[in-house]
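Shown next, in structure tokens, is the structure this report addresses.
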Amino acid sequence: AQSVTQLDSQVPVFEEAPVELRCNYSSSVSVYLFWYVQYPNQGLQLLLKYLSGSTLVKGINGFEAEFNKSQTSFHLRKPSVHISDTAEYFCAVTPTGGGNKLTFGTGTQLKVEL
Amino acid sequence: DTAVSQTPKYLVTQMGNDKSIKCEQNLGHDTMYWYKQDSKKFLKIMFSYNNKELIINETVPNRFSPKSPDKAHLNLHINSLELGDSAVYFCASSGTAGTGRNQPQHFGDGTRLSIL
């Protein structure tokens, strides 16, 4: 079984400041990792994914994440946030062996302020 | 152009009623899912179908019954609705890779179910 921990339920940040949203996971098997964003009253949109290869992955809207296997982490970063980045962010994992069952973290509410 | 569409977007009904939520995807995917998001925004998978075959069936009350008439549709029927069923239900779909099934999932906008 897998579990995902998002350490911060809310992250307030000023516009144009950098931000890091933390994600740690636990799994007895190898996993693929994802970050999704949910804007108010909308569904989830894929920000980025790590399947294999380079541990630094770049996604949409200027976000990037780094997979750290030894620390079982997949933290999301953006060097300069915008008001429009205000949303709920979810980290998720799925076993590489198939089935595609996503296990989500509890989400981090990013609030960008002027 | 909507990739994964769910209807209705909002559903308000009384306890004890039976209701259905429909989901359709036009991405050519062969796997579809239902997720439940509770009031604390926690997302949990309920069911998954691959080519109309049930492949994931989490611990969900028997009152919930998914139906997949074809691989582009996955509907969710709920009998005898209870207060605790109030949530947002998301449909998603994904393709099947050549070496596995772990393609990113595409989500619909959700159906907000409120039980009075």
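Protein chains get the first letters and strands the later ones, always in sequence-line order, with residue 1 at the start of each. Note that these values count all heavy atoms, side chains included, but never hydrogens, waters or copies made by symmetry.
Between atom NZ of residue K101(A) and atom CD of residue Q105(B) there is a gap of 12.0 Å, rounded to the nearest 0.5 Å. Interatomic distance, CD of Q38(A) versus CD of Q37(B), reported as 4.5 Å (0.5 Å rounding). Rounded to the nearest 0.5 angstrom, S94(B) OG and L46(A) CG are separated by 11.5 Å.
In this structure, no portion of Q45(A) lies under 4.5 Å from any heavy atom of chain B. When heavy atoms are compared at a cutoff of 4.5 Å, K9(B) approaches chain A solely by way of its side chain, counted from C-beta outward. For a residue to count as touching a neighbouring chain, one of its non-hydrogen atoms must lie under 4.5 Å from one of that chain's; by this rule L44(A) touches chain B with backbone and side chain alike.
Each of F90(B), F42(B), Y35(B) was checked for a ring pair (Phe, Tyr, Trp, His ring centres under 6.0 Å) with F104(A), and the lone residue meeting it is Y35(B).
With hydrophobic clusters built from ILVMFWY side chains whose heavy atoms lie under 4.5 angstrom apart, L83(B) shares a cluster with I21(B). Clustering ILVMFWY residues whenever any of their side-chain heavy atoms sit less than 4.5 angstrom apart, transitively, puts L11(B) in the very cluster that holds M15(B). V57(A) and V19(A) fall within a single hydrophobic cluster, where Ile, Leu, Val, Met, Phe, Trp and Tyr are joined by side-chain heavy atoms under 4.5 Å apart, directly or via other members. A continuous path of Ile, Leu, Val, Met, Phe, Trp and Tyr side chains, each step under 4.5 Å between heavy atoms, connects V37(A) with L21(A), placing both in one hydrophobic cluster. Both F63(A) and I60(A) belong to a single network of hydrophobic side chains, linked directly or stepwise wherever heavy atoms of I, L, V, M, F, W or Y lie under 4.5 Å apart.
Between Y33(B) and L102(A), every side-chain heavy-atom pair lies at or beyond the 4.5 Å cut-off.
Annotation for Y10(B): atom OH counts as buried by contact number, over 12 foreign heavy atoms lying within 6.0 Å. The environment of CG in N62(B) is sparse: at most 12 heavy-atom neighbours from other residues, nucleotides or ligands sit within 6.0 Å.
Counting heavy-atom pairs under 4.5 Å between each of T103(A), N41(A), T106(A) and chain B puts N41(A) at the top. When each of Q6(B), K40(B), E58(B) is scored by its heavy-atom pairs under 4.5 Å with chain A, the top score falls to E58(B).
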